[in-house]
Undergrad: 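Below are the structure tokens for one structure; questions will follow.
Heavy-atom basis, side chains included; hydrogens, waters and symmetry copies ignored. This one's a predicted model, so the numbers in the text were calculated from it and none came from an experiment. Reminder, nothing fancy here: chain letters follow the sequence lines and each chain counts from 1.
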Amino acid sequence: MLDPRLFRTDLDFVREQLDRRSFAFDAESYIELEARRKDVQVKTQELQNERNTRSKAIGLAKAKGEDVQPLLNQVQHLGDELKAAETALAGIQEEMEALMEGIPNILDESVPDGKSEEFNLELGRWGDVPDFDFEPKDHVDLGAGLKGIDFELGAKIASSRFVVLNGPLARLQRAIIQLMLDTHTAEHGYTETYVPYLANAASMRGTGQLPKFEADLFKANNDPALYLIPTAEVPVTNIVRDEIVDLKDLPLKFVCHSPCFRSEAGAYGRDVRGMIRQHQFEKVELVQIVKPEDSSKAHEELTQHAENILEKLNLPYRKMLLCAGDTGFSSAKTYDLEVWLPGQGAYREISSCSNFKDFQARRLQARWRNPETGKPELVHTLNGSGLAAGRTLIAIMENYQDAQGRIRIPDALLPYMGGLDVIE
RNA sequence: GGAGAGGUGGCUGAGCGGUCGAAAGCGGCGGUCUUGAAAACCGUUGAGGGUUGAUCCCCUCCCAGGGUUCGAAUCCCUGCUUCUCCGCCA
């Protein structure tokens with residue numbers, strides 16, 4: 001959520017910024033609603049003041065043993081009038097909240113213009129794209145040949161977009177997760193966390209999945225509503241919801257492995273082949289809670305932490321700066337890391353690292369106490385995949401394959417594979 | 001699942017219809033003392049919002065949502081949640 005004060009003090013700036021995202025902001029409705037809010041709020045508070053003053057007078061009179069009946073008569077009609085005003089105000093505030101919650105974050109200055117992903121900016125490439133002297137297979141064919149990936153079984157047990165991994169490939173995915181957790185905790189200073197895989201509506205609201213993106217979630221329970229987490233970002237970032245974090249504890253750096261569940265509504269027909277887009281996948285997530293002044297630097301570092309995993313695995317990738325139109329709702333700035341997939345002959349997203357600045361923190365009421373002002377102020381939140389484990393598995397299979405359809409285990413993963421160095 | 005006891009400011013914890021946004025302690029901040037620090041002592045210190053040029057002032061908040069009342073942290077209902085005991089269980 002954006003700062004409501006910004007809307008009152010510099011509406012033109014807001015309008016200009018939202019325009020970069022091609023977000024249709026209805027300024028007229030906002031102005032009208034804000035005017036009503038002000039009017040009704042002032043009136044309500046005046047009535048409340050009158051009630052308080054008069055009630056206090058009654059208490060005082062009673063204490064002195066005076067007859068309070070005349071005073072009681074004076075307040076008779078106040079109740080109904082006040083209740084009506086309070087109800088009206090609550091309605092307007094709800095309307096305002098709904099309006100504000102539907103507005104995306106303001107983009108960082110460095111984010112390039114552009115309406116869609118073709119306008120994303122490539123910042124650099126790392127690693128050598130493998131040059132095979134045979135026709136490389138994609139992970140689907142490789143997996144079938146190794147009897148380690150079974151999509152039909154996934155569909156039988158659950159539905160399409162689910163998969164069953166078997167034997168060494170299942171272990172390889174676990175090894176990938178282990179390497180990531182070990183690297184981020186031992187080398188990058190993150191604290192490993194284990195969190196619930198279901199989250200309530202307040203948590204989903206805090207990180208911005210609700211109210212706008214409910215269709216992308218799996219709902220696991222009504223009353224209370226519980227949703228399967230689409231990413232560990234949700235439970236982990238909500239650690240600081242409604243908290244005032246001690247300055248000495250900042251930055252908070254969490255790493256968390258979890259399964260992720262996404263309904264993929266609106267993705268019909270896209271990436272239907274293989275493990276690229278599943279309803280359930282494993283991911284290691286990095287989350288940082290930092291002082292506002294530190295978030296840009298933290299964003300660069302966090303992205304580098306994800307890159308380090310790709311480099312340890314010797315997987316060729318490129319780093320993209322997402323353009324205005326491709327940057328997510330809550331994010332001010334996002335880097336995507338795209339890994340080379342020989343089976344597709346293309347770079348595909350394997351990590352997305354975002355700086356949300358105070359956008360999530362405002363909804364979360366996640367704050368720190370600024371010693372300079374003595375006041376609680378909003379923190380900045382960031383997160384990034386470090387990395388998506390399922391897609392890492394695919395990338396390793398496709399980049400480390402040989403002509404016989406075997407998969408060599410990357411050196412960095414050997415300690416986790418129990419002596420296995422080739423999957424065949 | 002059954003029984004009981006709680007949920008109050010950054011933290012601990014008192015208040016249990018009316019000058020209570022809330023005692024006390026801890027912590028934080030400022031000061032006295034000190035070469036400096038500690039200790040001691042004194043002072044100060046909740047959050048959000050409205051209005052304002054800025055102060056003043058006003059409103060809301062004692063888990064959440066309803067209700068009773070002129071007036072609710074305090075009484076009533078519902079829900080959530082924590083702890084203890086019993087049962088069940090990976």
Side-chain angles (χ1 to χ4, degrees), chain A residues 1-10 30-31 33-97 99-101 194-206 210 220-227 235 238-250 252 289 291 358 360-379:
Chain A
M1 195 162 76
L2 292 170
D3 187 353
R5 261 166 293 199
L6 190 61
F7 283 72
R8 286 181 225 157
T9 53
D10 201 349
Y30 167 79
I31 291 167
L33 186 60
E34 169 61 13
R36 269 198 295 148
R37 189 226 98 225
K38 197 163 167 173
D39 183 53
V40 174
Q41 184 161 350
V42 169
K43 192 175 127 218
T44 305
Q45 292 189 352
E46 277 169 4
L47 286 168
Q48 286 171 327
N49 183 17
E50 191 178 343
R51 177 204 58 197
N52 292 344
T53 315
R54 288 183 188 275
S55 292
K56 210 163 262 183
I58 291 170
L60 240 43
K62 218 170 184 176
K64 285 186 209 155
E66 293 169 6
D67 178 20
V68 295
Q69 194 52 48
L71 290 171
L72 286 175
N73 292 341
Q74 285 176 6
V75 290
Q76 230 164 23
H77 298 292
L78 203 57
D80 291 342
E81 208 180 328
L82 180 57
K83 186 158 279 183
E86 283 176 341
T87 307
L89 181 60
I92 290 170
Q93 280 172 336
E94 211 168 290
E95 232 180 294
M96 184 60 96
E97 186 102 333
L99 178 74
M100 296 301 285
E101 282 195 338
Y194 173 80
V195 294
Y197 297 157
L198 300 186
N200 58 32
S203 295
M204 289 293 177
R205 189 172 292 271
L210 290 180
N221 191 47
N222 289 302
D223 198 27
L226 288 172
Y227 302 86
N238 272 279
I239 288 172
V240 294
R241 172 154 55 90
D242 294 325
E243 298 289 338
I244 299 173
V245 184
D246 266 2
L247 175 63
K248 63 172 162 41
D249 293 331
L250 292 175
L252 288 170
I289 313 294
K291 286 187 285 177
D358 63 11
Q360 288 183 329
R362 187 168 291 105
R363 291 195 187 200
L364 291 162
Q365 279 303 296
R367 296 171 294 172
W368 65 298
R369 197 173 291 278
N370 185 344
E372 282 173 30
T373 60
K375 290 283 174 192
E377 296 175 12
L378 296 172
V379 297

Undergrad: For L78(A) and C70(B), what is the distance between atoms CG and P respectively, to the nearest whole Å?
TA: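 Those two atoms, CG and P, are 11 Å apart.
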
Undergrad: So which nucleotide does G17(B) pair with, by the Watson-Crick or G-U wobble rule with both distances under 3.5 Å?
TA: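 Its partner is none (no Watson-Crick or G-U wobble pair with both distances under 3.5 Å).
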
Undergrad: How far, in whole Å, is U52(B) from A64(B) if one measures between their P atoms?
TA: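 Nearest-Å result for A64(B) against U52(B) at atom P: 30 Å.
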
Undergrad: Provide the distance between the two C1' atoms, one in G21(B) and one in U74(B), to the nearest whole Å.
TA: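 Their C1' atoms lie roughly 14 Å apart.
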
Undergrad: Does any nucleotide pair with U60(B) by Watson-Crick or G-U wobble geometry, both distances under 3.5 Å, and what is it?
TA: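 Here U60(B) is engaged in a pair, and the nucleotide opposite it is A47(B).
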
Undergrad: Between U68(B), G18(B), A47(B), which nucleotide has the shortest distance from any of its atoms to the side chain of I58(A)?
TA: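 Selected nucleotide: G18(B).
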
Undergrad: How long is the straight-line distance from CG of L78(A) back to OG of S55(A), given to the nearest 0.5 Å?
TA: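 Between S55(A) OG and L78(A) CG, I get 8.0 Å after rounding to 0.5 Å.
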
Undergrad: Please examine the side chains of K43(A) and D39(A), heavy atoms only from C-beta on, and report whether any two atoms are closer than 4.5 Å.
TA: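 No, their side chains stay 4.5 Å or more apart.
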
Undergrad: Rounded to the Å, how far apart are Q365(A) CD and G10(B) C1'?
TA: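 Answer to the nearest Å: 15 Å.
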
Undergrad: With both distances under 3.5 Å as the test, what is the Watson-Crick or G-U wobble partner of U68(B)?
TA: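 No nucleotide pairs with U68(B).
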
Undergrad: What does C88(B) pair with, Watson-Crick or G-U, if both distances are under 3.5 Å?
TA: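 Paired with no nucleotide.
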
Undergrad: Pick the C1' atom in C41(B) and in U8(B), then give their distance to the nearest Å.
TA: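 The same atom, C1', in both gives a distance of 30 Å.
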
Undergrad: Got a sec: does the CD of E94(A) have more than 12 other heavy atoms crowding it under 6.0 Å?
TA: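 No, the 6.0 Å shell around CD holds no more than 12 heavy atoms from other groups.
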
Undergrad: Would you measure the distance from the P atom in U51(B) across to the matching atom in C70(B) and give it in whole Å?
TA: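 Between the two P atoms, the distance is 31 Å.
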
Undergrad: G48(B) C1' sits how many Å from K375(A) NZ, rounded?
TA: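 To the nearest whole Å, that distance equals 10 Å.
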
Undergrad: Check the pair F7(A) / M96(A) against side chain to side chain contact (heavy atoms under 4.5 Å, CB included), numbers first and verdict last.
TA: CA-CA 12 Å; F7(A) 283 72; M96(A) 184 60 96; over 6 Å; no

Undergrad: In whole angstroms, how far is the P atom of C70(B) from the CG atom of D80(A)?
TA: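 Distance check: D80(A) CG to C70(B) P gives 11 Å.
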
Undergrad: With R51(A), which residues qualify under salt bridge (Lys or Arg N to Asp or Glu O under 4.0 Å), at least two apart?
TA: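 Residues passing salt bridge (Lys or Arg N to Asp or Glu O under 4.0 Å) with R51(A): none at all.
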
Undergrad: Say you pick atom P in C83(B) and the same atom in G17(B); how far apart are they, in whole Å?
TA: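 About 30 Å, rounded to a whole number of Å.
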
Undergrad: If the sugar-phosphate is the primed atoms plus P, OP1 and OP2 and the base is the rest, what is the B/S/- string for nucleotides 49-60 of chain B, using protein heavy atoms under 4.0 Å?
TA: BSS------BSS

Undergrad: Can you tell me how far P in G15(B) sits from the matching atom in C63(B), rounded to whole Å?
TA: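 It works out to 15 Å between them.
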
Undergrad: When you compare U12(B) with G6(B), how far apart are their C1' atoms, in angstrom units rounded to a whole number?
TA: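 The answer is 15 Å between these two C1' atoms.
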
Undergrad: What's the CG-C1' distance between L378(A) and G48(B), to the nearest Å?
TA: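 Interatomic distance, CG of L378(A) to C1' of G48(B): 12 Å.
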
Undergrad: Between E377(A) and K291(A), is the side chain to side chain contact (heavy atoms under 4.5 Å, CB included) condition met? List the steps.
TA: CA-CA 9 Å; E377(A) 296 175 12; K291(A) 286 187 285 177; over 6 Å; no

Undergrad: In the strands shown, is U32(B) matched to any nucleotide by a Watson-Crick or G-U wobble pair with both distances under 3.5 Å, and which?
TA: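 In the structure as shown, U32(B) has A40(B) as its Watson-Crick or wobble partner.
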
Undergrad: Suppose we define a pair by two distances each less than 3.5 Å, Watson-Crick or G-U wobble; what does U74(B) pair with here?
TA: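 Partner of U74(B): none.
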
Undergrad: Is a donor-acceptor pair below 3.5 Å formed from side chain K62(A) to base G18(B), judging by atom type as modelled?
TA: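 In this structure, the two groups form a donor-acceptor pair.
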
Undergrad: Does R369(A) have a side-chain nitrogen or oxygen under 4.0 Å from the phosphate oxygens OP1 or OP2 of A47(B)?
TA: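 Indeed, a polar side-chain atom of R369(A) lies that close.
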
Undergrad: Salt bridge or not between R205(A) and E101(A)? Use side-chain N to carboxylate O under 4.0 Å.
TA: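 Yes, R205(A) and E101(A) are salt-bridged.
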
Undergrad: Between E34(A) and K38(A), is there a salt bridge with N-O shorter than 4.0 Å?
TA: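 Answer for the salt bridge query: no.
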
Undergrad: Rounded to whole angstrom, note down the P distance from C76(B) over to A24(B).
TA: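 Approximately 29 Å lies between the P atom of C76(B) and that of A24(B).
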
Undergrad: First locate atom CG of L71(A), then atom CD1 of I58(A), and finally report the distance between them rounded to the nearest 0.5 Å.
TA: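 Between atom CG of L71(A) and atom CD1 of I58(A) there are 5.5 Å.
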
Undergrad: From CG of D242(A) over to P of U81(B), roughly how many Å is that when rounded to an integer?
TA: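 Those two atoms, CG and P, are 16 Å apart.
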
Undergrad: Which whole-number value in Å describes the distance from R362(A) CZ to A47(B) P?
TA: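 Result: 18 Å.
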
Undergrad: Which part of the nucleic acid, if any, lies within contact of P376(A), taking any heavy atom under 4.0 Å across all strands shown: a base, the sugar-phosphate backbone alone, or nothing?
TA: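 The residue P376(A) makes sugar-phosphate contact but no base contact.
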
Undergrad: Please state how far atom CZ in R54(A) lies from atom P in U19(B), giving the value in whole angstrom units.
TA: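 Taking atom P of U19(B) as the reference, CZ of R54(A) is at 19 Å.
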
Undergrad: Does R367(A) or K83(A) map to a spot on RNA chain B nearer the 5' end, using the closest nucleotide for each?
TA: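 Counting from the 5' end, the first nearest nucleotide belongs to R367(A).
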
Undergrad: According to the Watson-Crick and G-U wobble definitions, with both distances under 3.5 Å, which nucleotide is paired to G4(B)?
TA: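 Per the H-bond distance test, C83(B).
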
